[in-house]
A.B. asks: 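Okay, here's the structure, questions in a sec.
Side chains included, hydrogens not; waters and symmetry mates left out as well; all remaining heavy atoms used. The sequence lines fix the lettering, A, B, ..., with proteins before strands; numbering per chain opens at 1.
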Amino acid sequence: MIKENINTNTLNPQQESAVKQTEGPVIIIAGPGSGKTRVITERIAHLINKGIEPQNILALTFTNKAANEMKKRVYEITNTQAAYSVWMGTFHSIFAKILRKEAHILGYDSNFTIYDNEDSIKIIRRIIKDRNLDKEQYNPKYVFSKISIMKNQLIDSQKYKQNAELIKHDQINKREKFVELYQEYCESCTQSNSMDFDDLLINTYHLLSKNKLILTEYQELFKYILIDEYQDTNKVQDAIIQQLGEKYQNICIVGDDSQSIYSFRGANINNIFNFKSNYQNVKEFKLEQNYRSTKNIVHAANTLINFNKQKIEKTIFSKNENGDPIQLIEYYNDRNEGDKTAEIIYRLICHNPNTNHQHAILYRNNSQSKVIEDGLRKRRIKYKIYGGLSFYQRKEIKDIMAYFKLIVNPDDNESLLRIINYPVRGIGSTTINKLRGKANSEKKSIWKILSYNNLENIQINSGTKNKLNIFKEILNELFKSQNSNIFETAELLIEKTGIVRKLKDNPTDENINRLENISELFNSVKLFSLKKTNNSILDFINEVSLDETNKETSNKSEVSLMTIHQSKGLEFPYVYIVGLENGLFPSQRSLKIPSGVEEERRLLYVAITRASKKVTLSYSLNRFQFGTIQQSEKSMFIDNIEHCLNKEIKNEFNQQLYFKKPRTNKINSQTKINPIGLRKVTNEKYRDSRNLQIGMKIKHNIFGKGSIQKINNSDGNQKITVIFEEHGLKILLTKFAKFEIIM
DNA sequence: CGGTAGAATATTTTT
DNA sequence: TATTCTACCG
């Protein structure tokens, strides 16, 4: 991966005036490869050099990674440590910081938990299940994304109820309960003293709109505001910027409407279109020179994007050489496509060893990577896949993080439910539902029910109460240690819960992998604990919840594989865009949404403009998808740029590839089945009521006839050792085994 | 309560 | 195909 690289040391006239125009509202339309990052960092540096206090500057970015890189660059330009005092980060991380400080005003405790999407969907799934609603009409993922979109448009459940159009729409679609789910979900979050990602935005909005004093305080603090990637902001984000910038109007937005590709998560391209009419005396700057790509690439990109009706007029141009034309290749099927793409790269790498990193293969869907990987692996080409599950989204990591979250905020029901029976301690769904019911009816958190009520008014048998008490004791010990060093707390956690021990006891490949991940987590906890300041558990959770900085950039030379969304902001000499087929790119779903195709076209625009030297496009006539082979036709976008292309057809039927079974790179991921008699023992007391005696003859439903040799009641779970006539010696748990006494 | 088999389902993704 | 969820049985 090569970072944006500007050829000249001086700014061009447009760039320079964009940097120098520090006062008043400014819009910078920055085409691909136009030196956008440079302009932003120079601008911040310029403000600091002019004497503006760094802490009076707010700079919002799309990712934390971008923020960190920019901080470093500003530091390098200004050469003063003060550069790090600039408020630079994502909307979410900056606002979380503010909300922790002001939480009490909104009725939260400052130790509130931040829920990620997985948490949110789990909560919604539970609500839907409690209400016994039809899964067809109420798909948890769908409900969540709709709630998210509503929140981002500042439509809360009350406003939703009053909106006749929305209600009518739900009735037509038989989703009239949606608004209730919406409300219950929000209540559930507040009840848990938790915010989801959207809440971080809307709560900031409410904080500022309901409190004049606070609004003024932050308006005074953030005298200069700068926002990157404005085309991908949503309505709340736009509204907050208006609130904060109202007084001084020193708002500088940077973006490119042609690169708006996140509408599916609420981004509103109109924010950038309407900026000029929302403010007075807006100074507009267009960065139209592309320093990155060849003339041919820029021309193709321009040709393509001109098919979109909705856009800000601009002429992107390049002064670089013409370069190669855009290559288009037709393949017989997706396996051929993957294989031959790898072949093309292989040939180039043979000529120029260690240039893997100059190549990137971009696709629409993650699932497309598999066939490409096969082709690369076959030729032993080193590659790296971006995306997939991030470290902190792994189950075992989230489980441990749930303990941490609970230590800081015991009211966090979601985290409690996640680990109340992890590791398995015999607390099942019946008990959990009883606790949840009680918590709901008393409007208290589950932890409060567990700790204050002492389980007196709940119908739970004494065995289960014991188990709950064990759980309570573990947590209470962890609470006591919460002010000590986070690493010590982590060690205590492992010791008390036995998480690691249980994994070690059952060392399947999967569990070994989990143990490795846990030890990696412990490494970062250890490192974190060595920090001098801000090294509390809450700080750690904060960093993990909002920071995906764990995407290691290796210095090995590897071919990059990623979705186009992930390629945003990156640059590579050679870019291969695969799977240009209708229904895949543009996606099936986009065809049904108005303006959906325009967004897909912008997506291809982003993909093409990642390349500096050469773009290779390809499509397949047949594609293996969802377990079947489907015929496909070339993408409509290919027609858009017809005359920019150099076409090639490689669609011969390659039998060898066609019939080859796809390789899976998973090693024995199935969990091993425990042989009968070695089942894990729960600590609930159980004894067969039939008064078993040594020497009794029994008949088992599977093993047949046998006689009892030994009876063991020692750990509460009655076990019997039996010699069967046909099957030999077995140890059975009488709780589970099906048998009758015959003598 | 816990594990397993078999059914259901299937963009893009950062926070 | 691959993953995730549910229902069932010991």
A.B. asks: OP1 or OP2 of B:dT15 versus the side-chain N and O atoms of A:Asn234: is any pair under 4.0 Å?
C.D. replies: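 No, outside the criterion.
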
A.B. asks: Let's see if you can work this out: which of B:dT11, B:dA10, B:dT13 has an atom nearest to the side-chain heavy atoms of A:Arg589?
C.D. replies: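 Nearest to the side-chain atoms of A:Arg589, counting from C-beta on, is B:dT11.
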
A.B. asks: Determine the interatomic distance between P on B:dT13 and the same-named atom on C:dT4; round to the nearest Å.
C.D. replies: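 About 16 Å, rounded to a whole number of Å.
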
A.B. asks: Do A:Arg175 and A:Tyr138 form a cation-pi contact, if we require the NZ or CZ to be under 6.0 Å from the six-membered ring centre and within 45 degrees of the ring's axis?
C.D. replies: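 Judged by the rule, A:Arg175 and A:Tyr138 form no cation-pi pair.
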
A.B. asks: Please report the distance separating the P of B:dT12 from the corresponding atom of C:dC5, rounded so that it comes out in whole Å.
C.D. replies: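 The same atom, P, in both gives a distance of 16 Å.
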
A.B. asks: Identify whether the distance between the nearest side-chain nitrogen and carboxylate oxygen of A:Arg589 and A:Glu600 falls below 4.0 Å.
C.D. replies: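 Result for this pair is no, no salt bridge flagged.
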
A.B. asks: Output the rounded distance in Å from CZ (A:Phe626) to C1' (B:dT11).
C.D. replies: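 That distance rounds to 9 Å.
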
A.B. asks: For the base of B:dT15, is there a side-chain donor-acceptor partner from A:Asn117 under 3.5 Å away?
C.D. replies: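 For A:Asn117, whose side chain was compared with the base of B:dT15, there is a donor-acceptor pair (under 3.5 Å).
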
A.B. asks: Please report, rounded to the nearest Å, how far the P atom of B:dT9 is from the CG atom of A:Asn139.
C.D. replies: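 Taking atom P of B:dT9 as the reference, CG of A:Asn139 is at 9 Å.
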
A.B. asks: What is the distance from CD1 of A:Ile121 to P of C:dT3, rounded to the nearest Å?
C.D. replies: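 The distance from CD1 of A:Ile121 to P of C:dT3 comes to 18 Å, rounded to the nearest Å.
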
A.B. asks: Given B:dT15, C:dT1, B:dC1, which nucleotide is nearest the side-chain atoms of A:Ser429?
C.D. replies: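 It is B:dC1.
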
A.B. asks: What nucleic acid atoms does A:Gly627 come within less than 4.0 Å of, heavy atoms only: base, sugar-phosphate, or nothing?
C.D. replies: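 Contact class for A:Gly627: base.
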
A.B. asks: Just wondering, do A:Phe264 and B:dT13 stack (centres under 5.5 Å, planes under 30°)?
C.D. replies: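 So no, this residue does not stack on that base, at least one cut-off failing.
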
A.B. asks: Is it true that A:Glu373 and A:Lys370 make a salt bridge, defined as a side-chain N closer than 4.0 Å to a carboxylate O?
C.D. replies: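 No, this pair does not count.
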
A.B. asks: Nearest nucleotide by nearest heavy atom, which residue falls closer to the 5' end of DNA chain B, A:His92 or A:Glu599?
C.D. replies: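 Taking each residue's closest nucleotide, the earlier one in sequence belongs to A:Glu599.
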
A.B. asks: Check whether A:Tyr386 forms a cation-pi arrangement with A:Lys384 (NZ or CZ under 6.0 Å from the six-membered ring centre, at most 45° off the ring normal).
C.D. replies: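 Yes, a cation-pi geometry.
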
A.B. asks: Quick one: A:Lys568 NZ to B:dT15 P, roughly how many Å, whole number?
C.D. replies: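 Between P of B:dT15 and NZ of A:Lys568: 11 Å.
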
A.B. asks: Please state how far atom CG in A:Asp198 lies from atom C1' in B:dT15, giving the value in whole angstrom units.
C.D. replies: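 After rounding, the gap between these two atoms is 9 Å.
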
A.B. asks: For residues 121-128 of chain A, dump all side-chain donor-acceptor pairs below 3.5 Å to protein atoms at least two apart in sequence or in another chain.
C.D. replies:
residue  : atom : partner  : partner atom : Å
A:Arg126 : NH1  : A:Glu414 : OE1          : 3.0
A:Arg126 : NH2  : A:Glu414 : OE1          : 3.4

A.B. asks: Whole-Å distance between B:dT15 C1' and A:Asp228 CG?
C.D. replies: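 Value for this atom pair: 15 Å.
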
A.B. asks: Identify whether the glycosidic angle of B:dT12 places it syn (within 90° of 0) or anti.
C.D. replies: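 Anti, angle beyond 90° from zero.
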
A.B. asks: Under 4.0 Å from OP1 or OP2 of B:dT13: is there any side-chain N or O of A:Thr563 that close?
C.D. replies: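 Yes.
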
A.B. asks: Would you mind telling me which of B:dA10, B:dG2, B:dT11 lies closest to the side-chain atoms of A:Ser587?
C.D. replies: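 From the listed options, B:dT11 comes nearest.
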
A.B. asks: Does any donor-acceptor pair link the side chain of A:Arg265 with the base of B:dT14 at a separation under 3.5 Å?
C.D. replies: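 Side chain to base: pair present.
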
A.B. asks: Is the shortest side-chain N/O distance from A:Gln566 to OP1 or OP2 of B:dT14 below 4.0 Å?
C.D. replies: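 For B:dT14, OP1 or OP2 has a side-chain N or O of A:Gln566 closer than 4.0 Å.
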
A.B. asks: Which listed nucleotide (B:dT11, B:dT13, B:dC1) is nearest to the side chain of A:Thr430?
C.D. replies: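 My answer, after comparing the listed nucleotides, is B:dC1.
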
A.B. asks: Judged by each residue's nearest nucleotide on DNA chain B, which is more toward the 5′ side, A:Thr431 or A:Glu600?
C.D. replies: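 That would be A:Thr431.
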
A.B. asks: Can we call the ring centroids of A:Phe264 and A:Tyr262 under 6.0 Å apart?
C.D. replies: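 Yes; A:Tyr262 has its ring centre under 6.0 Å from that of A:Phe264.
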
A.B. asks: Between A:Lys370 and C:dA2, is there a contact of a side-chain N or O with OP1 or OP2 at under 4.0 Å?
C.D. replies: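 Checking A:Lys370 against C:dA2: at least one side-chain N or O falls below 4.0 Å of OP1 or OP2.
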
A.B. asks: Please list, chain by chain and in numerical order, all residues satisfying salt bridge (Lys or Arg N to Asp or Glu O under 4.0 Å) with A:Lys395, sequence neighbours excluded.
C.D. replies: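 Applying salt bridge (Lys or Arg N to Asp or Glu O under 4.0 Å) to A:Lys395 gives A:Asp399.
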
A.B. asks: Look at the side chain of A:Asn64 and decide which nucleotide, out of B:dT13, B:dG2, B:dT15, has an atom nearest to it.
C.D. replies: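 So the nucleotide nearest the side chain must be B:dT15.
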
A.B. asks: OP1 or OP2 of B:dT13 versus the side-chain N and O atoms of A:Asn366: is any pair under 4.0 Å?
C.D. replies: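 A:Asn366 to B:dT13 OP1/OP2: side-chain N or O found under 4.0 Å.
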
A.B. asks: Using atom NZ of A:Lys502 as one end and atom P of B:dG3 as the other, report the distance to the nearest whole Å.
C.D. replies: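 Distance, rounded to whole Å: 10 Å.
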
A.B. asks: How many Å lie between CD1 on A:Ile261 and P on B:dT13, as a whole number?
C.D. replies: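 From A:Ile261 CD1 to B:dT13 P: 9 Å.
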
A.B. asks: Over all strands shown, is A:Asn421 touching base, sugar-phosphate only, or nothing at heavy-atom distances under 4.0 angstrom?
C.D. replies: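 The answer is sugar-phosphate, as A:Asn421 gets under 4.0 Å only of primed atoms, P, OP1 or OP2.
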
